[in-house]
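All remarks here apply to the structure that follows.
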Amino acid sequence: MPELPEVETVRRGLERRVLGRTISAVQVLSPWVIRSDPRSFAREIGGCRVEGLRRKGKTLALELESGNSAPCRYLIVRLGMTGQLTLTPSESPLLPHTHVRLLLDDDGEELRYRDPRRFGMLRCSTPAEAEKIFRSLGPDALEISQKEFEQALRGRRGAIKGWLLDQSMLAGLGNIYADEALFEARIHPQTPAGKIPDNARILLHKAIRKVLQRAVNLQGTSFRDYIDIEGRPGNFEPRLRVYGREDKPCPRCSTPIRRVLVCGRSSHFCPRCQPRPRRIAPPGKPRKKRE
DNA sequence: GCAAGCCTGACC
DNA sequence: GGTCAGGCTTGC
């Protein structure tokens with residue numbers, strides 16, 4: 001499932017292979033995927049050159065320049081759960097669930113958007129709309145500072161697992177890397193986010209960076225469908241320590257990994273390395289001394 | 001029937 | 001505002 005490392009891998013692939021090229025023709029096979037009228041979508045991005053590639057969290061934006069006086073546009077890409085953006089020879093047969101084709105230049109190659117589960121989307125937006133989308137996201141999980149992280153967690157009463165998945169708080173983590181980071185930091189997924197002790201919070205901030213950076217270096221995880229723009233799967237899956245390993249031994253202590261639902265999401269953790277937090281008395285109410 | 005990410009809406 | 005449940009979709 002595309003989370004920050006997978007989206008970053010796609011971004012790098014596009015930067016290497018698509019930056020500077022021109023979208024010469026647009027074919028929308030499934031109008032719902034672009035959330036707008038296919039004809040105006042094709043008109044707006046057709047003929048544009050790819051001038052830049054931005055990413056924040058799991059959201060990708062292709063910066064497009066038309067070359068004439070028209071204002072620049074952004075093609076916003078959210079891969080959702082099973083979205084794939086691939087660079088494909090135009091004569092390759094269309095795989096099922098291919099929704100959009102963007103021909104590049106006239107050298108017989110195209111970008112194809114494919115998405116069996118249809119949770120993803122492509123959207124053409126103005127720079128202002130793109131800014132709004134980026135602003136609605138919390139800080140990127142690879143860029144947030146220790147201090148920002150602490151401030152963002154302060155006072156949050158919900159479970160840390162849900163907080164890590166909330167893209168308006170922190171952008172980039174999905175279920176896989178949230179579970180991996182919590183394991184790395186030895187924090188139980190149900191721990192109230194605002195009640196994580198200072199030392200554990202610092203560990204968690206470090207764990208997020210460490211897990212994501214390693215996954216980026218290995219081109220992400222291909223748990224089910226994820227592939228990069230050249231169709232290659234990621235290499236991080238063998239490094240997963242808890243995700244998808246229910247009942248298998250914990251890599252640290254051999255206790256069987258458990259899976260529970262937290263905030264409606266399956267959460268994998270080691271009951272021994274990540275003990276359930278004790279109930280802590282609510283702070284700020286010291287018992288009055290009786291005279 | 002379940003899982004995923006994300007949007008919407010209900011509830012306090 | 002924060003928090004959480006429900007719904008979307010489809011391959012396993």
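Below, chains carry the letters A, B, ... as their sequence lines are ordered, and counting in each starts from 1.
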_Return whichever of A/F119 or A/G158 has its heavy-atom-nearest nucleotide of DNA chain C closer to the 5' end._
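Per heavy-atom nearest nucleotide, the more 5' residue is A/G158.
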Integer-rounded Å distance: [N] [atom2] and [X] [atom1]:
{"X": "A/D179", "N": "B/dG5", "atom1": "CG", "atom2": "P", "answer": "10 Å"}
{"X": "A/W32", "N": "B/dC6", "atom1": "CH2", "atom2": "P", "answer": "15 Å"}
{"X": "A/N175", "N": "B/dC2", "atom1": "CG", "atom2": "C1'", "answer": "13 Å"}
{"X": "A/R157", "N": "C/dG1", "atom1": "CZ", "atom2": "C1'", "answer": "11 Å"}
{"X": "A/Q84", "N": "C/dT10", "atom1": "CD", "atom2": "C1'", "answer": "14 Å"}
{"X": "A/I160", "N": "C/dC4", "atom1": "CD1", "atom2": "P", "answer": "12 Å"}
{"X": "A/Q190", "N": "C/dT3", "atom1": "CD", "atom2": "P", "answer": "15 Å"}
{"X": "A/L95", "N": "C/dT10", "atom1": "CG", "atom2": "P", "answer": "16 Å"}

*Name the residue closer to the 5' end of DNA chain B, choosing between A/G264 and A/R78 according to the nucleotide with the nearest heavy atom.*
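Nearest nucleotide further toward 5': that of A/G264.
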For [N], does OP1 or OP2 lie under 4.0 Å from any side-chain N or O of [X]?
{"X": "A/R117", "N": "C/dG11", "answer": "no"}
{"X": "A/R259", "N": "B/dA3", "answer": "yes"}
{"X": "A/R156", "N": "C/dG2", "answer": "yes"}
{"X": "A/H97", "N": "C/dT9", "answer": "no"}

*Of all heavy-atom pairs between A/G57 and A/D140, which one has the smallest distance, and what is that distance?*
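Here A/G57 and A/D140 meet closest at N-OD1, 2.7 Å.
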*Main-chain N/O of A/H97 paired with A/H99 side-chain donor or acceptor, under 3.5 Å*: yes
_Sugar-phosphate only, base, or nothing, as touched by A/Y243 at under 4.0 Å among non-hydrogen atoms_ =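 A/Y243: backbone/sugar contact only, no base atoms under 4.0 Å.
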_Mind checking if A/T82 touches a base, just sugar-phosphate, or nothing, with heavy atoms under 4.0 Å?_
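No contact at all - A/T82 keeps every heavy atom at 4.0 Å or more from the nucleic acid.
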*A/R21 and A/D107 ion-paired at < 4.0 Å*: yes
_Is it true that A/Q219 and A/R232 share a donor-acceptor pair across their side chains at a distance under 3.5 Å?_
no
*Determine the interplanar angle of the A/Y177 and A/F236 rings, folded into 0 to 90°, and report it as parallel if under 30°, tilted if 30 to 60°, perpendicular if over 60°.*
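Judged by the thresholds at 30° and 60°, the geometry between A/Y177 and A/F236 is tilted.
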*asked:* Counting distance alone, no hydrogens or angles: does the base of B/dG5 have a donor or acceptor under 3.5 Å from a partner atom on the side chain of A/R265?
replied: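 Flag set: donor-acceptor pair detected.
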